[in-house]
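Computed from heavy atoms alone, side chains included, the values below leave out hydrogens, waters and symmetry copies.
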Amino acid sequence: MPEQIDKAYQWVSSDADLQAWVGRWQQSKFVAIDTEFMRSNTFYAKPGLIQVADADDICLVDPLEIQDLALFAPLLSNGDVVKIMHSMSEDVELLLNVTGELPKCVFDTQIAAAFLGYGPSLGYQALVEKVLGHELDKSETRSDWLQRPLSDKQLHYAAKDAEYLIELFQSLRKKLEDAHLLDAVMEESDMAIGQSQDSWSHPELAYLKIRGGWDLKPSRQRLLKKLVLWRDQAAREYNVPKPWVFGDAQLVQIAQWKPTQIHALHKLEGVRPKSIRLYGKEVLQLLASFEDDEQEGFISIDKPIKGEELKVYKRLRSVVEKAAEESGIAAQLLGSRKMLERLVISWLRHGKRDLPKEFKGWREPIVGNLLYERMKAEIEIYD
């Protein structure tokens with residue numbers, strides 16, 4: 001038998017009811033927010049259910065019936081109400097797309113768990129079991145959330161997720177307050193949203209994250225930038241996954257080979273024939289019209305670190321691991337591989353002599369200052 005839900009849930013399927021609940025939630029100190037969605041064949045996630053819980057009630061909001069999901073916006077933008085989420089990136093993106101608003105004042109339970117030594121990137125099921133001692137049924141995770149009516153098992157699963165988010169928050173918050181880390185968790189959650197917002201706001205920089213692109217000569221990297229921007233715009237316009245247009249690796253090959261005929265596109269490794277049929281002419285037109293006129297101010301893709309740079313990275317990694325052992329905060333949170341690689345590149349390649357923004361704030365007294373001193377010593381050796 002499924003575990004009983006401690007609180008009865010409310011089904012919300014009209015704009016008037018949602019508006020009334022939003023007004024009530026805005027008077028709360030905290031609410032839990034979770035979403036269920038489908039995204040197997042679209043660029044934008046299709047919301048199937050939005051769960052919101054406060055200290056007293058659980059609401060299951062039906063986005064297929066609600067006409068104006070922007071009614072959520074006042075709650076999301078209210079900085080006086082803590083929004084509790086777990087591994088929030090996809091939830092935040094969905095909420096932004098359907099409401100036009102980014103949530104403020106977010107407490108991410110996955111981030112909180114990393115601060116408390118439960119482990120980095122801990123899944124929701126594992127966290128609930130570790131902190132609350134409950135075994136969570138995740139069999140409905142990949143079920144069809146767009147079907148109607150939803151099954152009793154789906155409804156139970158969704159309501160229980162929201163209820164446990166409240167319990168997790170209350171337990172983790174107490175531990176964080178005792179360790180004087182609550183403000184750091186809120187700061188890190190806010191920073192994560194800011195980084196996502198920066199990424200969405202600057203699609204012209206997406207090419208910098210393309211694996212393998214660093215090996216292209218500068219003119220081909222500039223072409224790759226145009227290709228990635230075109231591909232991502234096409235995926236949004238046609239609402240299909242980006243690989244359904246062309247995958248990252250295929251764009252690198254196109255930038256390198258610069259084909260002029262449709263038949264040449266069929267030589268791309270792993271290409272979908274449908275991609276060529278639907279988008280082949282567009283990409284060839286882009287290639288034919290490309291002018292390499294962005295040389296000044298162009299940002300090249302960073303090549304992977306190796307040799308002496310890799311040795312410096314490993315020494316920085318040791319600094320982070322020691323700080324993690326002493327603080328109890330997950331090493332991946334204190335300084336992930338990408339963060340440390342960026343630090344190495346910033347100092348050794350670009351000659352910067354300051355901590356990147358991501359190592360300031362709450363990280364600075366725990367690990368940032370240690371990394372700064374380590375890099376100063378490395379520069380003396382490197383120079």
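- The environment of Asp198 atom CG is dense: over 12 non-hydrogen atoms of other residues, nucleotides or ligands sit within 6.0 angstrom.
- Residues Gly48 and Leu146 come closest through the heavy atom pair CA-CD2, 3.9 Å.
- Around the NZ atom of Lys281, the shell of radius 6.0 Å holds no more than 12 heavy atoms that belong to other residues, nucleotides or ligands.
- At least one side-chain heavy atom of Leu102 sits less than 4.5 Å from a side-chain heavy atom of Trp200.
- Closest approach of Ala264 to Pro259, counting heavy atoms only: CB-CB, 3.6 Å.
- Judged by distance alone, with hydrogens and angles left aside, the side-chain atoms of Gln125 form a donor-acceptor pair with the main-chain N or O of Leu136 at under 3.5 Å.
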Checklist entry - Can Leu370 and Lys322 be said to form a side-chain contact (heavy atoms from CB on, under 4.5 Å), step by step? => result CA-CA 10 Å; Leu370 296 172; Lys322 184 177 180 182; over 6 Å; no

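- The main-chain N or O of Gln67 is found under 3.5 Å from a side-chain atom of Asp15 such that the two form a donor-acceptor pair.
- In terms of heavy atoms, Leu75 sits closest to Lys83 at O-NZ, 3.1 Å.
- Interatomic distance, Asp302 CG to Trp214 CH2, rounded to the nearest 0.5 Å: 11.5 Å.
- Under a 3.5 Å cut-off, the side chain of Lys226 and the backbone N or O of Leu287 do not form any donor-acceptor pair.
- Ile254 and Leu278 fall within a single hydrophobic cluster, where Ile, Leu, Val, Met, Phe, Trp and Tyr are joined by side-chain heavy atoms under 4.5 Å apart, directly or via other members.
- Between Glu309 and Arg349 there is a side-chain heavy-atom pair separated by less than 4.5 Å.
- Nearest heavy atom pair, residue Val271 against residue His266, reads CG1-O, 4.2 Å.
- Of the possible donor and acceptor atoms, one in the side chain of Arg220 sits under 3.5 Å from a partner among the backbone N and O of Ala255.
- Rounding to the nearest 0.5 angstrom, the gap separating the CD atom in Gln10 from the CH2 atom in Trp21 is 5.0 Å.
- By the 4.5 Å heavy-atom criterion applied to side chains, Glu163 and Tyr9 are not counted as neighbours.
- Considering CZ of Phe169 and NZ of Lys29, their distance stands at 10.0 Å, rounded to 0.5 Å.
- Between Phe246 and Trp230, the ring-plane angle classifies as tilted under the 30° and 60° cut-offs.
- Between the CG atom of Leu251 and the CD atom of Gln256 there is a distance of 13.0 Å, given to the nearest 0.5 Å.
- A single hydrophobic cluster is seen to contain both Ile366 and Met339, as judged by linkage of ILVMFWY side chains at heavy-atom distances under 4.5 Å, directly or through other members.
- Crowding of Glu204 atom CD: a count of heavy atoms from other residues, nucleotides or ligands under 6.0 Å exceeding 12.
- Considering only heavy atoms from C-beta on, Met85 comes within 4.5 Å of Val92 through its side chain.
- With Ser336 contributing its side chain and Gln332 its backbone, the two residues share no donor-acceptor pair below 3.5 Å.
- For the atom pair NZ of Lys209 and OG of Ser199, the computed distance is 4.0 Å after rounding to the nearest 0.5 Å.
- Salt bridge status for Glu373 with Lys376: present, with a side-chain N to carboxylate O gap under 4.0 Å.
- Side-chain contact between Leu223 and Leu286 is present, with heavy atoms from C-beta onward closer than 4.5 Å.
- Side-chain atoms of Arg374 and Glu378, non-hydrogen and from C-beta on, do get closer than 4.5 Å to each other.
- A donor-acceptor contact under 3.5 angstrom links the side chains of Lys175 and Ser171, judged on distance only.
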Next on the checklist: Under the criterion side-chain contact (heavy atoms from CB on, under 4.5 Å), I'd like the reasoning laid out for Tyr207 against Ile299: C-alpha separation, chi angles, the key distance, then a yes or no.
Outcome noted: CA-CA 10 Å; Tyr207 75 101; Ile299 304 172; 3.6 Å; yes

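- Looking at Gln154 and Gln147, their side chains do bring a donor and an acceptor atom within 3.5 Å of each other.
- When side chains are defined from C-beta on, Val320 counts as touching Leu371, because their heavy atoms get closer than 4.5 Å.
- No donor-acceptor pair under 3.5 Å is formed between the side chain of Asp17 and the backbone N or O of Val12.
- At least one donor-acceptor pair closer than 3.5 Å links the side chain of Glu187 to the backbone N or O of Trp362.
- No close placement of the Phe107 and Phe30 rings is indicated, their centers lying 6.0 Å or farther apart.
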Checklist entry - Does the side-chain contact (heavy atoms from CB on, under 4.5 Å) test come out yes or no for Leu172 and Phe115, once each step is laid out? => result CA-CA 10 Å; Leu172 295 173; Phe115 270 95; over 6 Å; no

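- Side-chain contact between Cys59 and Trp25: present, with at least one pair of heavy atoms (C-beta onward) separated by less than 4.5 Å.
- Partners of Arg337 according to the side chain to side chain donor-acceptor pair (under 3.5 Å) rule, which considers only residues two or more places apart in sequence or in another chain, are Tyr313, Glu341.
- Following chains of ILVMFWY side-chain contacts shorter than 4.5 Å, one cannot reach Leu348 starting from Ile301, and the two form parts of different hydrophobic clusters.
- Annotation for Leu334 and Ala323: closest pair CD1-C, 3.8 Å, computed over non-hydrogen atoms.
- Within the structure, the side chain to side chain donor-acceptor pair (under 3.5 Å) test picks out the following pairs touching residues 234-244 (sequence neighbours left out): Tyr238-Glu282.
- The main-chain N or O of Phe43 is found under 3.5 Å from a side-chain atom of Arg39 such that the two form a donor-acceptor pair.
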Next on the checklist: Using side-chain contact (heavy atoms from CB on, under 4.5 Å), reason through Phe359 and Asp354 one step at a time and then give a plain yes or no.
Outcome noted: CA-CA 10 Å; Phe359 282 113; Asp354 192 12; over 6 Å; no

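- Taking every heavy atom of both residues into account, Leu69 and Thr99 meet most closely at O-CG2, 3.2 Å.
- Looking at Leu94, Asn97, Asp62 one by one, the single match for side chain to side chain contact (heavy atoms under 4.5 Å, CB included) with Pro47 turns out to be Leu94.
- Ion pairing of Glu65 with Arg148 is absent here, as no side-chain N (NZ or NE/NH1/NH2) approaches a carboxylate O to less than 4.0 Å.
- Ile345 and Leu205 fall into different hydrophobic clusters, where Ile, Leu, Val, Met, Phe, Trp and Tyr side chains are chained together by heavy-atom contacts under 4.5 Å.
- For the atom pair Arg222 CZ and Lys217 NZ, the distance stands at 10.5 Å (nearest 0.5 Å).
- At distances below 3.5 Å, at least one donor-acceptor pair connects side-chain atoms of Tyr124 with backbone N or O atoms of Leu165.
- Not a single donor-acceptor pair under 3.5 Å links the side chain of Glu308 to the backbone N or O of Lys306.
- The local environment of CG in Asp68 is crowded, with over 12 non-hydrogen atoms from other residues, nucleotides or ligands closer than 6.0 Å.
- Linking Ile, Leu, Val, Met, Phe, Trp and Tyr whenever their side-chain heavy atoms come within less than 4.5 Å leaves Met191 and Leu95 in two separate clusters.
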